Amino acid sequence: MPNSSNEPSLTPSADSPGQKAEKARAGKSVAAIIGAIAVVFLIIFVGIIGHALIFGLSQ
């Protein structure tokens with residue numbers, strides 16, 4: 001088990017528990033939005049490749 005007293009760490013936050021909860025919720029929201037955008041781009045990418053394969057091979 002690592003000795004945590006020798007490890008570098010961040011200083012404790014001065015935020016209240018309410019502020020910490022708000023920041024955690026905001027961080028999860030940002031991650032969800034970025035994830036949703038990534039999924040949309042992936043669907044578009046797969047659609048373009050699929051379209052190219054279907055219509056490119058029929059020419």
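Computed from a prediction, not measured in an experiment: that's the story for all the values here.
Taken together through direct or relayed side-chain contacts under 4.5 Å among Ile, Leu, Val, Met, Phe, Trp and Tyr, Val40 and Ile48 form part of one hydrophobic cluster. Leu42 and Ile34 fall into different hydrophobic clusters, where Ile, Leu, Val, Met, Phe, Trp and Tyr are joined by side-chain heavy atoms under 4.5 Å apart, directly or via other members. Hydrophobic clustering of Ile, Leu, Val, Met, Phe, Trp and Tyr side chains at less than 4.5 Å, counting indirect connections, keeps Phe41 apart from Ile49.
Closest heavy-atom contact between Asp15 and Lys20: O-CE, 3.5 Å.
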